[in-house]
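See below for the structure under consideration.
Please read all numbers here as calculations on a predicted model, not as lab measurements. Chain A is the first sequence line, chain B the second, and so forth, proteins listed ahead of strands; every chain is numbered from 1.
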Amino acid sequence: MQLKCQIASNCYKALFVEKCLYMPSSAKATARQRKPIPTYDHLKIEKKWQKAWENNKTYKTEGPSKKPKMYVLDMFPYPSGAGLHVGHPRGYIASDVYARMKRMEGFNVLHPMGFDSFGLPAEQYAIQTKKHPGPFTDKLVAQYKKQLEIIGFSYDWDREVSTHRPEYYKWTQWIFLQLYDAWYDTKKNKARPIAELIALFEKSGNAGVAAATDIREIFSAKEWKGFSAIDQQNILMHYRLAYEGFAEVNWCEELGTVLANDEIVDGPTGPVSERGGYSVIKKPMRQWFMRITAYADRLIEGLDTIDWPNNIKEVQKNWIGRSEGSEIEFQVQIPTNSFSNGQTPPIPHSKNHSSPFAPVSVFTTRADTIFGVTYIVLAPEHALVQDWQNSITNWPAVEKYIKSVAQKDETERMSTDKEKTGIQLEGVIAINPANGEEVPVWIADYVLAGYGTGAVMGVPQHDERDHIFATKYNLPIVDRPLVDAMTITKKVGGSMVTKYKMRDAIFARQRYWGEPIPLIHRADGIIIPVKEKNLPLELPKVKSYQPSGNGESPLAKVKSWVEAGYETNTMPGWAGSSWYFLRYMDPKNNKAFAGEKAIEYWKDVDMYVGGTEHATGHLLYSRFWHKFLFDMDYVPTPEPFKRLKNQGFIGAADGRKMSKRWGNVINPDDIVKNYGGDTLRVFEMFLGPFDSHLPWSTESIIGSRRFIERVWRLSENVADGVSEKNVEKVLHKTIKKVTNDIQQFAFNTAISSLMICLNEFESASAKGYGVTKKDFKLFLQILAPFAPHVTEELWQHMEANRRVSMDGTRHDSAESSIHLSAWPKYDPKLLIEDEVTIGVQVNGKVRAELTIAADASKEAIESAALALPRIQEFLQGKTVKKIIVIPVRIINIVI
RNA sequence: GCCCGAGUGGUGGAAUGGUAGACACGGAGGACUUAAAAUCCUCUCUACAUUGUAGGUGUGGGUUCGAGUCCCACCUUGGGCACCA
């Protein structure tokens with residue numbers, strides 16, 4: 001086709017289609033020797049300055065100092081093999097623009113980058129290639145870094161961290177041990193060392209110490225001392241913030257591992273793993289947990305103290321799912337006294353109650369409807385159902401029902417309009433404590449074992465779901481008066497309680513590529529932590545990365561590891577990312593996760609930028625860990641991220657997600673090569689509001705490139721002298737707007753105002769006024785955060801001796817970098833307009849314009865407006881009823 | 001079903017209750033050029049008519065001198081949660 005591009009004779013469209021080399025317009029001009037403008041060679045300029053900044057450590061963060069601090073952080077990436085597409089850097093560019101402005105404003109800016117480098121893709125690679133995932137991960141990290149570097153970020157790479165490095169995960173393990181050795185004191189409402197709990201038990205037993213999980217039995221100090229070490233350990237497990245337990249987990253046979261809920265997606269025939277699309281089933285398994293539920297209230301309340309987008313706050317609130325209600329006991333009459341010992345927790349000396357009545361606790365937010373109860377329903381998995389099996393006259397049918405529920409796969413359970421099923425427990429009768437009425441007891445799949453008490457009261461009159469169920473099974477529906485919820489709860493001996501949807505987080509993966517959990521299981525069953533001086537507990541070498549298939553991690557096949565008693569589970573992906581922002585404060589410290597001085601100085605993250613997809617994962621877990629560290633006095637603030645901004649993602653031009661699968665991925669490397677890193681940065685910021693999802697458009701990137709070229713060309717026409725007044729005015733307006741807009745993350749309007757300013761410069765220049773060097777330098781400074789390379793280049797030329805022609809090789813000194821210059825201040829005097837043009841409305845419709853002194857009085861505006869011939873026409877033969885004058889804005893004449 | 005958010009030209013979008021469509025892409029015309037590209041200039045919401053008039057920010061109401069913006073109802077759409085008692 002038209003391959004004339006060697007002399008820049010092709011259009012930009014063809015440039016992209018044909019991928020021929022971009023040659024800027026000025027090249028031709030130079031060749032024709034019309035104007036002696038050196039070519040804007042983005043490749044050369046950008047490479048030169050990236051190197052210079054690196055050599056001069058331009059962006060080096062100072063240690064704790066007297067300067068005010070500013071911690072600007074990106075959510076660090078997982079270095080995947082797919083690499084970056086143009087959507088990824090958007091958040092990084094935004095935070096970099098912000099960090100650059102703050103640096104110029106005089107803050108000591110901490111703007112680091114690192115890698116979340118433990119994870120499943122590297123594990124899959126190891127399984128497939130039978131090679132260690134470490135070197136593979138290191139390679140990906142290096143690739144990622146390279147991709148990032150050409151965009152010109154102002155990171156202090158000396159502070160880089162990677163979560164898979166032992167010197168880093170040593171401290172992940174250390175924090176885990178702090179959590180293991182801590183419990184949550186619900187009275188003081190904070191975490192405390194477990195040793196203090198043990199001391200309490202030894203002094204006065206557990207009376208008055210609320211357990212985090214259900215322990216009904218009260219023991220004395222004497223009894224505590226009489227318990228075996230194993231029994232004591234089991235009791236403490238109910239309190240520890242990191243604890244061992246069993247849980248139904250999402251088991252994936254093909255991956256041989258357990259998956260988190262967010263690693264599962266809906267498949268055509270049921271749930272499947274996000275990676276690989278393998279089917280997933282439920283399976284009970286030994287796990288480590290994080291007791292995040294202990295912090296549920298504080299995680300909700302803390303949201304009021306931080307400057308985050310509302311939707312993220314809402315998502316977190318919904319996820320935690322606090323609901324306040326009543327817990328009320330219904331006595332259930334059972335004919336025989338036989339109990340089989342079912343799934344009760346492993347509490348010593350559990351008493352066998354022998355009574356014809358057994359209490360069933362129900363949770364309701366509508367205790368006011370209690371007189372309308374016509375039945376109660378338990379979850380099929382409810383422990384009492386098993387306890388009662390000898391009393392249930394239709395037990396075979398009940399048992400069959402329970403089994404059928406258990407066999408239902410996830411999709412069936414989750415389907416929205418699934419019909420509710422259930423079966424009555426014949427032979428047992430519950431008594432409504434409010435009125436003594438006898439009501440039947442049912443089990444049904446719509447009651448969840450994991451929420452509330454696993455039992456509900458059925459009030460068909462007031463609850464839609466109960467109504468459907470009652471209608472289906474012909475249960476009575478009665479209309480009874482409502483009563484006061486709190487009063488009736490007290491009257492029937494119940495209590496007001498708060499329940500949460502959020503569950504404790506599973507903190508174990510049956511995988512190789514994660515942090516080893518630093519615990520030792522002794523032969524006698526006692527668990528002991530690895531001593532701090534022996535951390536990090538490094539991952540051992542393994543022969544095979546293949547999961548064992550029985551649910552244990554590859555570590556279970558390492559003889560020495562197992563013989564030493566080491567825990568074979570590893571930590572989940574979110575372990576390392578829950579505290580990495582603290583490590584950046586003091587990344588090389590080998591005595592602590594970060595030194596006290598550094599933590600005291602940097603405190604918390606001032607500006608955190610990342611995607612919304614982490615709302616219920618990383619952003620919640622980090623807050624939880626941070627609050628824990630705060631309780632233990634390791635960090636000075638209760639919240640880790642003061643301000644949060646979410647970037648919207650960039651989709652492909654075809655409206656789909658950018659993905660290899662659709663072949664619509666635009667690689668930032670190509671854009672940088674063809675248009676330059678500065679153009680990419682300006683374009684991504686100009687595209688639209690930062691938090692909007694936007695389609696990529698290679699068609700319109702040319703606008704940003706033209707903008708930079710015009711700046712470049714204008715630099716040739718600046719001179720010493722006196723500024724034209726209008727130019728100065730627009731410039732200072734722009735300084736104000738850009739400053740405010742960057743502060744607000746309104747980058748698109750910041751760039752638009754820079755373009756307006758440039759337009760003004762150009763038209764002044766065309767009129768022969770010229771633009772002064774002083775004004776142009778101010779312009780370069782406010783453009784610098786967006787286009788750091790080209791502004792540095794032009795800045796250096798301005799700074800350099802003007803007798804030397806611009807050939808881009810000299811006068812490059814770090815001391816005079818534009819990025820370390822002081823952020824311009826606008827002159828308020830210049831913003832005052834002498835004259836303004838306002839609209840003149842008649843009955844709300846603009847009929848004329850009026851140019852008048854900005855400080856004109858209302859009366860003056862009024863009479864000037866009425867005097868306009870055009871307005872006179874409208875007013876002919878009419879009476880003016882009312883005139884509204886808003887000085888500087890508008891005047892409205894009502895007739 | 002519940003909880004957030006969004007609907008503005010051909011396109012991305014702008015607009016403290018105050019002249020809707022800034023800025024940019026695309027398009028049309030012109031200048032320069034042997035020619036093209038690049039660059040520069042002009043126009044570009046719609047309909048009608050030669051200065052203008054009328055309509056116009058998803059739909060229908062409302063508040064107001066004045067509504068893209070506030071209120072009510074609805075439609076469409078994106079996201080989150082989802083039998084949560």
Would you mind reading off the distance between A:I893 atom CD1 and B:G18 atom C1', rounded to a whole angstrom?
14 Å
Side chain of A:R713 only, please: which of B:U39, B:A85, B:C4 is the nearest?
B:U39
Taking atom P in both B:A14 and B:U8, what distance in whole Å separates the two?
11 Å
Side chain of A:I756: nearest nucleotide among B:A24, B:C25, B:C23?
B:C23
At 4.0 Å (heavy atoms only), tell me whether A:F874 reaches a base, stays on the sugar-phosphate, or touches nothing.
sugar-phosphate
For A:G839 and for A:F649, find the nucleotide of RNA chain B with the closest heavy atom, then tell me which residue's nucleotide is more 5'.
A:G839
For B:C23 and B:U44, measure between their C1' atoms and round to the nearest Å.
15 Å
Applying a 4.0 Å non-hydrogen cut-off, can you work out what A:R870 is touching in the nucleic acid: base, sugar-phosphate, or nothing?
sugar-phosphate
When all nucleic acid strands are considered with a 4.0 Å heavy-atom cut-off, which category describes A:F686: base, sugar-phosphate, or nothing?
base
Inter-nucleotide C1' distance (B:U50, B:G78), Å rounded
48 Å
Test the A:R623-A:W319 pair against the cation-pi criterion, namely NZ or CZ under 6.0 angstrom from the six-membered ring centroid and within 45° of the ring axis.
no
B:A82 P sits how many Å from A:D445 CG, rounded?
17 Å
Rounded to the nearest angstrom, tell me the gap between atom CG in A:N843 and atom C1' in B:C65.
8 Å
Within the 6.0 Å centroid threshold, strictly below: A:F686 and A:F707:
no
Expressed as a whole number of angstroms, how long is the span from A:L620:CG to B:C81:P?
12 Å
To the nearest 0.5 Å, what is the distance between CG (A:N726) and NZ (A:K767)?
7.0 Å
Check the chi torsion on B:G26 and let me know: syn if it falls within 90° of 0, anti if not.
anti
Rounded distance in Å between the P positions of B:G60 and B:G9:
15 Å
Nucleotide nearest A:E699 (side chain, heavy atoms from C-beta), chosen from B:C23, B:A85, B:C25:
B:C25
Would you tell me whether A:T364 and A:S326 have side-chain atoms, one donor and one acceptor, within less than 3.5 Å of each other?
no
Rounded off to whole Å, could you give me the CD1-to-P distance for the A:I650 and B:G13 pair?
11 Å
Using atom C1' in both nucleotides, what's the gap between B:G7 and B:U51 to the nearest angstrom?
37 Å
Can you tell which of B:G18, B:U39, B:G12 lies closest to the side chain of A:N892?
B:G18
Which nucleotide in the set B:G12, B:C3, B:A22 lies at the smallest distance from any side-chain heavy atom of A:S752?
B:A22
Closest to the side chain of A:P689, out of B:C65, B:A14, B:G12, is B:A14
CG of A:D741 versus P of B:A14: gap in Å, rounded?
11 Å
Scan A:Q841 against the nucleic acid and name what it touches under 4.0 Å (heavy atoms): base, sugar-phosphate only, or nothing.
base
Distance between C1' atoms of B:G27 and B:U33 (Å, rounded):
23 Å
With no hydrogens and no angle check, just 3.5 Å: does a side-chain donor-acceptor pair link A:S323 and A:Y451?
yes
Below the 4.0 Å mark, does B:G26 have OP1 or OP2 next to a side-chain nitrogen or oxygen of A:R706?
yes
As its Watson-Crick or G-U partner within any shown strand, both distances under 3.5 Å, B:G29 has B:C41
Is there a side-chain polar atom (N or O) of A:K845 under 4.0 Å from OP1 or OP2 of B:C65?
no
Using a 4.0 Å heavy-atom cut-off across all strands, classify A:I886 as base, sugar-phosphate, or nothing.
base
Of the listed B:C81, B:U19, B:A24, the closest approach to the A:K501 side chain comes from B:C81
Among B:G12, B:C25, B:C81, which nucleotide sits nearest the side chain of A:L694?
B:G12
Base partner of B:G18, which must satisfy Watson-Crick or wobble distances under 3.5 Å
B:C65
Is A:S753 touching bases, backbone alone, or none of the nucleic acid, heavy atoms closer than 4.0 Å?
nothing
So, A:S361 versus A:T453: side-chain donor-acceptor pair below 3.5 Å or not?
no
Of the listed B:A85, B:C65, B:G13, the closest approach to the A:I884 side chain comes from B:C65
If you measure from the C1' atom in B:G13 to the same atom in B:C3, how many Å do you get, rounded?
28 Å
Can you find a side-chain donor-acceptor pair between A:D741 and A:T749 that sits under 3.5 Å?
yes
Look at all strands and tell whether A:V447 reaches a base, only sugar-phosphate, or nothing, counting heavy atoms closer than 4.0 Å.
base
Taking the P atom in each of B:U19 and B:A67, what is the distance between them to the nearest angstrom?
12 Å
Hey, what do you get for CG (A:L303) to CD (A:Q316), rounding to the nearest 0.5 Å?
5.5 Å
Out of B:A85, B:G12, B:A54, whichever nucleotide has its closest atom nearest the side chain of A:R847
B:A54
Does A:E464 reach a base, just sugar-phosphate, or nothing at all? Heavy atoms under 4.0 Å.
nothing
Is the phosphate of B:A85 approached by A:S323 (side-chain N or O, under 4.0 Å from OP1 or OP2)?
yes
Atom CG of A:N310 to atom C1' of B:G79: distance rounded to whole Å?
15 Å
Specify the separation, in whole Å, of atom CZ of A:F786 and atom P of B:A24.
15 Å
Establish whether the base of B:U16 is bridged to the side chain of A:R889 by a donor-acceptor pair shorter than 3.5 Å.
yes
Which residue lies toward the 5' end of RNA chain B, A:N759 or A:Y500, if each is placed at its nearest nucleotide?
A:N759
Hey, does the side chain of A:N311 come within less than 4.0 Å of B:G80's phosphate (OP1/OP2), counting only N and O?
no
Taking a pair to mean Watson-Crick or G-U wobble geometry with both distances below 3.5 Å, B:U34 pairs with none
